[in-house]
Amino acid sequence: MRYIAGFIVILLAGVPYMLGPAVEQPLVTLFSLVAMASWWNLLAGFTGLTSFGQQAYLGVGAYGLYVLALAGIDPFVAIPLAAVLAGVVALPVSFPVLRLSGGHFAVATWVLAEIFRLSVTLSPAIGGNTGVSLPGISGYLPLLRQAVVYWWALAIAAGSVLAVWLLARGRYGLAARAVGDDPVTAASSGIRVARIRRWAYCLAAAGTGAVGALLFTHTLYVQPGSIFGVQYSVLMMFMVLIGGLGTIEGPVAGALIFFALQQTLAAHGPWYLVLLGAVAVAVTLFAPRGLWGHLGRPLFPIAHLQER
Amino acid sequence: MNVLELDRITKRFGRVTVADELTLSVRQGDAVGVVGPNGAGKTSLFGMISGDLRPDAGEVRFDGHRVTLLDPSVRCRLGIGRTYQVPRPFLGLSVFENTLVAAQQGARTRGRASYALAARVLGETGLADLAGRPAAQLGLLQRKRLELARALATRPKLLLLDEVAGGLTDPEVTELVALITAAREREGLAVLWIEHVVRALTATVDRLICLAGGRIIGDGGPLEVLASPAVKEVFLGTADALTEAEDRDA
Ligand SMILES: Nc1ncnc2c1ncn2[C@@H]1O[C@H](COP(=O)(O)OP(=O)(O)OP(=O)(O)O)[C@@H](O)[C@H]1O
Ligand SMILES: [Mg+2]
């Protein structure tokens, strides 16, 4: 089954040649959702850190890309640099926020994202409240630009799922899951809880930063009011919870479900939001482990089995 | 040589004093039983040794290190393994993974060695058949075994057992005593064992301390401590009945 997943990724890579921008555009959205949800799941699903402030790193990724592109680096080359930047920015931030846990952590991350948003709003050098458009991109013909954005989106989504899987199934992931379950027992079992959480926080920030940069190359315009919006964290939580918290497939399934709902129902305005809410409630009540948690067998297992 | 030294540690919760300038040393390889009435501060004492609780005053030394202010994870890696009186397994992990993570992080083993250590400990604690089960599905007694397995998997020099025998049948107590004795002989580990099931203690330990009101009111050979008037006086209810049973046996 895992090979099928790889095969699907290869097929998807051919979309720009076969189907063109009309299909590319919505898929970029889907891929960015998959990546965002996967990183949020590393935090909340595995490490027990429910963040409401991941939009901070979408913003850092996007504005980081702006600064790098302004400095003359090709925006597409700068995407990974923007991701690294988000991870680095997260390091000092992690010290105050990781002193908190549970609901306090969630609120603190949100407040922090608001501080980031305000700082950008108050900085005319990076466009202030009006936002900025992406420099250095006009050299690309629109068709090629859209294709490259698409490939980047696919690479970031597939890379994020793979990276979170590799992390989760290894030595680090086992310790992270233990920390998520019970930090007290974890510490007295020799797990350096703070270090495990810090890594999760910074890696998730880097992954989310890559998505922020990607979204900027997709929309070509970024505004603090939208990129730093808390709705992104709500969305990440929605996708991961309905898909299956703490599984590799869950965020992918959640992203697909959300994407399908959005594509089919967005035209119906507010009813679409009501339906999203209803889905979330139904899943939490009837399938608390998420749809994949109840229906699927893991394609990307993370369990450690005793050797016989 | 002393593996553990508590030097005049004091700890208060509001008006409750759980440790009152308490001084105690445990030698390498010693097995020391801890008894005391409910609320005497036994579990709190373990908390200050393992690092979950910070004393208000005094010093904790372990294996030559001053550990008073060190994180529990560091103390575990130095060789302090503990169980919790109310078991707190990693509920989302399997029984095997619970033990494996302790072997990897506490005992700092890797790869095959960590798998082998976890498997061995599960065998010793009688959990081998449950290895693949989610810990959330275990009953209380199995969870207590898992506490022991997790603590042993960190390969401690000092093992802190907090009421692991409660609720066990007589043959199970015998099994547990054998297991701990075997671990002591093999690894030379020191044991501090809080237990209301006095029979398990007297079969294992060479020394018994009795705690009450944050002070040590009895310290010495198990039977001698249980027979002392000061110790008899503080015991009420269940523990009293046990002491009496012990007296009848004697
Ligand atoms: N975190 C805490 N906050 C406030 N009070 C506490 C805390 N932990 C323990 N206590 C109080 O300290 C006293 C000693 O508790 P402790 O758990 O150490 O007793 P114990 O000797 O282990 O008792 P038992 O035999 O019932 O397990 C009790 O009165 C308890 O209520
Ligand atoms: Mg206790």
Side-chain angles (χ1 to χ4, degrees), chain A residues 41-50 98-99 101 167-200 240 244-248 250 288-290 292-294 297-298 301-308, chain B residues 46-47 49-52 71-84 87-112 114-116 118-119 122-123 127-128 130-132 134-136 146-147 150-151 153-156 160:
Chain A
N41 185 41
L42 174 70
L43 274 184
F46 293 116
T47 322
L49 296 169
T50 309
L98 287 178
R99 296 184 70 93
S101 59
L167 277 171
R169 72 198 287 261
R171 185 183 166 89
Y172 171 83
L174 183 61
R177 287 163 61 210
V179 168
D181 266 2
D182 190 330
V184 173
T185 315
S188 70
S189 307
I191 301 172
R192 280 176 294 182
V193 174
R195 190 176 291 205
I196 297 283
R197 285 181 171 154
R198 196 161 335 279
W199 272 107
V240 174
L245 191 72
T247 64
I248 298 302
R289 282 185 284 130
W292 195 276
H294 283 274
R297 272 199 326 114
I302 51 169
H304 296 253
L305 304 175
Q306 186 172 358
E307 292 160 347
R308 289 272 164 196
Chain B
F46 275 17
I49 299 170
S50 74
D52 290 339
D71 187 79
S73 62
V74 181
R75 300 192 201 197
C76 175
R77 289 173 176 214
L78 285 174
I80 300 179
R82 80 166 288 180
T83 68
Y84 287 97
R88 41 192 314 169
F90 304 116
L91 292 172
L93 271 53
S94 71
V95 167
F96 181 68
E97 287 174 324
N98 266 270
T99 319
L100 182 67
V101 75
Q104 291 186 341
Q105 304 288 329
R108 327 247 4 225
T109 55
R110 295 184 163 271
R112 281 187 172 278
S114 66
Y115 277 67
L122 286 183
L127 288 170
L130 300 174
L146 185 53
E147 284 294 313
R150 204 189 54 239
T154 67
R155 269 207 310 238
L160 305 174

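Sequence lines set the chain letters: A, B, ... in the order given, protein chains first and strands last, and positions in each chain run from 1. In what follows, every heavy atom counts, from backbone to side chain, and hydrogens, waters and symmetry copies are set aside.
- Put simply, of A/Thr185, A/Ile191, A/Val184, the one with the most heavy-atom pairs under 4.5 Å next to chain B is A/Thr185.
- The parts of B/Arg110 that come within reach of chain A are both its backbone and its side chain, each placing non-hydrogen atoms under 4.5 angstrom from that chain.
- Side-chain atoms of A/Gln306 never come within 3.5 Å of backbone atoms of B/Tyr115 as a donor-acceptor pair (strictly under, hydrogens ignored).
- Looking at A/Ala194, neither its backbone nor its side chain comes within 4.5 Å of chain B, counting heavy atoms on both sides.
- Between A/Ala200 and A/Tyr172, the shortest heavy-atom distance links the atoms N-OH, 3.1 Å.
- Note that CG of B/Leu91 is 8.0 Å distant from CG of B/Asn98, once rounded to the nearest 0.5 Å.
- Of the residues considered (B/Val101, B/Leu100, B/Asp71, B/Leu78), B/Val101 shows the highest number of contacts with chain A, using heavy-atom pairs under 4.5 Å.
- Contact of A/Ile196 with chain B is not made at all, since no heavy-atom distance falls under 4.5 Å.
- Side-chain contact, B/Asp52 with B/Tyr84: a donor N or O sits under 3.5 Å from an acceptor N or O.
- Counting heavy atoms from C-beta on, the side chains of B/Gln105 and A/Arg171 come closer than 4.5 Å.
- A/Phe46 has its side chain within reach of A/Ile302: a pair of non-hydrogen atoms, C-beta onward, lies under 4.5 Å apart.
- Proximity to chain A (any heavy atom under 4.5 Å) is restricted, for B/Thr154, to the side chain, taken from C-beta onward.
- Comparing B/Gly106, B/Cys76, B/Gly111 by heavy-atom pairs within less than 4.5 Å of chain A, the highest count is held by B/Cys76.
- With a 4.5 Å cut-off on non-hydrogen atoms, B/Arg75 does not touch chain A at all.
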